[in-house]
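All values below were derived from every heavy atom in this structure, side-chain atoms included, with hydrogens, water molecules and symmetry-related copies excluded. Every number for a ligand or one of its atoms is a count from 1 in the order of the listing.
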Amino acid sequence: MKIFVTGMAGFIGSALAKALAQRGDEVVGFDNINNYYDVELKFDRLRSNGIDKWSDKELSISKTMPNLAFIKGDLADLELLERIFKEHKFDAVVNLAAQAGVRYSLINPHSYTKSNVVGFVNLLEVIRHSGVKNFVYASSSSVYGLNEKMPYSEHHETNHQVSVYAATKKANEMLAHTYSHLYDISTTGLRFFTVYGPWGRPDMAPSLFVGAALRGESIKVFNHGEMMRDFTYIDDIVDGVIKVIDKPTTSNPKWDAKNPDPASSKAPFRIYNIGCNNPVKLMDFIKAIETKLGFEIKKEFVGMQDGDVVATYADVSELVKDFGYKPTTTLKDGVGKFVDWYKSYFKDIK
Ligand SMILES: NC(=O)c1ccc[n+]([C@@H]2O[C@H](COP(=O)([O-])OP(=O)(O)OC[C@H]3O[C@@H](n4cnc5c(N)ncnc54)[C@H](O)[C@@H]3O)[C@@H](O)[C@H]2O)c1
């Protein structure tokens, strides 16, 4: 298959592009390499995939995987997307590019509408006009917002987001449905639940915790530690995304407009949770890091932050039923691999 992967310099995109290329797919990656967090980490992710130059003029071919290429660009640049989709005939598109981060969306909402709404519509437009029929995109557990019914199920209503980030992810799902309905494009939205692992995002708790611990600084423990997260290891996420790419969504023949299921449609549209289905108390996650590091981390217990939710817990039974999805990485193994990577990548931290 020839697959367009956006967000390829990002945490999940770099891992997905590598896995797809390794199994023989032809991959064209795309990313604007923005400076929301350290761009050196993004460059290093690209280098780890054999990409050592980046341009918006031509494809950079990987030195280690000849079937993997990269082009630098912004989803908000419709002309560039049109040019790429004219030059290449893709069998599938996976959209992982987004302005991520819940907290930053409270101070910089416009970067979210630009990348996650304008950029998303641009992508849908070029997909539509070039005849691509298989579109997979990242949504987020944050769309559940104020919903406290656990575990989170795709069949629950999700109309009460509490951050601009989450609202743009919900907008993605609604736009995807519209394009599925109007143009018969198979769209599958995956609601990721707190992904962690090697090459992880520096703005997320696992990196913040390990970095502070190694520097001997204290970590901020929000809501006084009374939080739960369905931490999901990167390999389990990549495995699930590939399963979904390989089996494009079809319409739900049982879908009833008088009692509409939010996760499916009479159009080829589906939403799935992709998580570990095993929520971990924040303090247990910190404990797993401490066990691996071999020392106790200094902690500052603080209140809840705006835009955040107390718990996330994914019901993944739909993904299991339709794709045989099975996360296999234990917390101990996942945290172990993450800490090992962190220490070797940031060698200067003793
Ligand atoms: N990591 C998680 O726990 C998590 C949880 C829920 C949802 N998600 C979603 O999964 C996707 C991937 O997340 P990630 O953790 O790899 O984030 P990331 O920030 O590491 O990767 C996203 C990449 O997209 C690029 N990008 C942003 N705006 C762009 C634009 N307008 N044009 C081109 N490229 C652009 C960034 O430069 C970045 O490299 C995102 O859509 C994110 O919202 C992630």
Side-chain angles (χ1 to χ4, degrees), residues 4-18 29-46 49 51 54 56 70-78 80-81 84 93-102 104-105 108 110-123 126 136-144 152 163-173 176 189-207 229-234 236-238 240-241 271-276 309 312 314 334 338:
F4 188 62
V5 176
T6 75
M8 189 189 139
F11 170 35
I12 302 174
S14 59
L16 178 72
K18 181 179 183 182
F30 183 83
D31 202 298
N32 66 358
I33 320 184
N34 69 32
N35 64 359
Y36 164 59
Y37 58 77
D38 187 7
V39 290
E40 276 309 315
L41 178 59
K42 296 185 181 183
F43 293 147
D44 284 340
R45 290 190 189 118
L46 289 172
N49 277 334
I51 306 281
W54 20 88
D56 57 358
F70 176 74
I71 186 157
K72 182 172 182 281
D74 199 308
L75 285 179
D77 184 347
L78 180 59
L80 174 63
L81 285 177
I84 295 170
V93 172
V94 184
N95 184 44
L96 298 172
Q99 177 58 60
V102 167
Y104 186 60
S105 75
N108 197 349
H110 298 296
S111 65
Y112 290 77
T113 45
K114 185 177 171 205
S115 290
N116 305 2
V117 182
V118 175
F120 195 80
V121 173
N122 286 347
L123 194 57
V126 288
V136 178
Y137 62 96
S139 183
S140 161
S141 60
S142 64
V143 300
Y144 288 101
Y152 288 153
S163 69
V164 172
Y165 167 69
T168 62
K169 289 290 171 183
K170 174 71 181 179
N172 288 173
E173 296 180 355
L190 295 172
R191 291 178 181 159
F192 295 140
F193 282 66
T194 319
V195 189
Y196 76 103
W199 297 103
R201 275 195 4 228
D203 61 323
M204 292 182 65
S207 287
R229 284 290 177 274
D230 204 341
F231 290 100
T232 314
Y233 191 68
I234 182 70
D236 291 322
I237 288 285
V238 167
V241 176
I271 301 288
Y272 291 98
N273 289 334
I274 177 162
C276 199
V309 296
T312 65
F338 172 64

OG-CZ distance between Ser140 and Phe193, expressed to the nearest 0.5 angstrom: 8.0 Å
Rounded to the nearest 0.5 Å, the CD1 atom of Ile274 sits from the CG atom of Asp230 at a distance of 11.0 Å
Residue selection (non-hydrogen contact nearest atom 8 (N) of ligand 1) among Tyr112, Phe11, Tyr165: Tyr165
Is there at least one pair of N or O atoms, one from Lys169 and one from ligand 1, spaced under 3.5 Å apart? yes
Check: of Asp31, Ile12, Asn122, min heavy-atom distance to atom 25 (C) of ligand 1 comes from Asp31
Any donor-acceptor pair under 3.5 Å linking the side-chain atoms of Lys42 with those of Asn34? yes
In this structure, atom 34 (N) of ligand 1 is nearest to the protein heavy atom Asn32 N, 3.1 Å
Tyr37 neighbourhood, listing ligand 1 atoms whose heavy-atom distance to it stays under 4.0 Å: 18 (P), 19 (O), 20 (O)
Polar contact flag, side-chain donor to acceptor under 3.5 angstrom, Asn95-Thr6: yes
Within the structure, does Phe30 bring an N/O atom to less than 3.5 angstrom of an N/O atom in ligand 1? no
Distance col, row Phe120:CZ vs Leu75:CG, nearest 0.5 angstrom, shows 9.5 Å
Please determine if Asp74 has a nitrogen or oxygen closer than 3.5 Å to a nitrogen or oxygen of ligand 1. yes
Shortest heavy-atom approach to atom 33 (C) of ligand 1 - which of Gly275, Gly13, Gly73: Gly73
Going by atom types alone, do Arg191 and Tyr144 pair a side-chain donor with an acceptor below 3.5 Å? yes
Minimum-distance protein heavy atom relative to atom 5 (C) of ligand 1: Phe192 CB, 3.7 Å
Short N or O distance, Leu75 and ligand 1, threshold 3.5 Å exclusive: yes
Measuring from atom 24 (O) of ligand 1, which candidate in Gly29, Ala138, Ala97, Ala15 has the nearest non-hydrogen atom? Ala97
Would you kindly specify which portion of Tyr36 sits under 4.0 Å from ligand 1, judged on non-hydrogen atoms: side chain, backbone, both or neither? neither
Between Met8 and ligand 1, which residue portion shows a heavy-atom distance shorter than 4.0 Å: side chain, backbone, both, or neither? neither
Could you tell me if Asn108 and Tyr104 have a donor-acceptor pair between their side chains, going purely by distance under 3.5 Å? yes
Verify the ring-centre separation between Phe30 and Phe70: is it less than 6.0 angstrom? no
Roughly how far, to the nearest 0.5 Å, is the OG atom of Ser207 from the CG atom of Asp38? 11.5 Å
Geometric N/O contact Arg201 with ligand 1, under 3.5 angstrom: yes
Ligand 1 atoms nearer than 4.0 angstrom to some heavy atom of Ser115 are 28 (N), 29 (C), 30 (C), 31 (N)
Quick look: Ile33 vs ligand 1, heavy-atom contacts under 4.0 Å, and the answer is backbone
From Asn273 CG over to Leu190 CG, what is the distance, rounded to the nearest 0.5 angstrom? 9.5 Å
Say whether Val195, considering both its backbone and side-chain N or O atoms, lies within less than 3.5 Å of an N or O atom on ligand 1. yes
Asn34 heavy atoms, cut-off 4.0 Å: which ligand 1 atoms fall inside? 26 (N), 27 (C), 28 (N), 36 (C), 37 (O)
From atom 12 (C) of ligand 1, work out which of Val102, Leu96, Leu123 has a heavy atom at the shortest distance. Leu96
Are the side chains of Leu96 and Phe192 in contact, using a 4.5 Å heavy-atom criterion? yes
Out of all atoms in ligand 1, which are within 4.0 Å of some heavy atom of Gly7? Include the element for each. 23 (C), 24 (O)
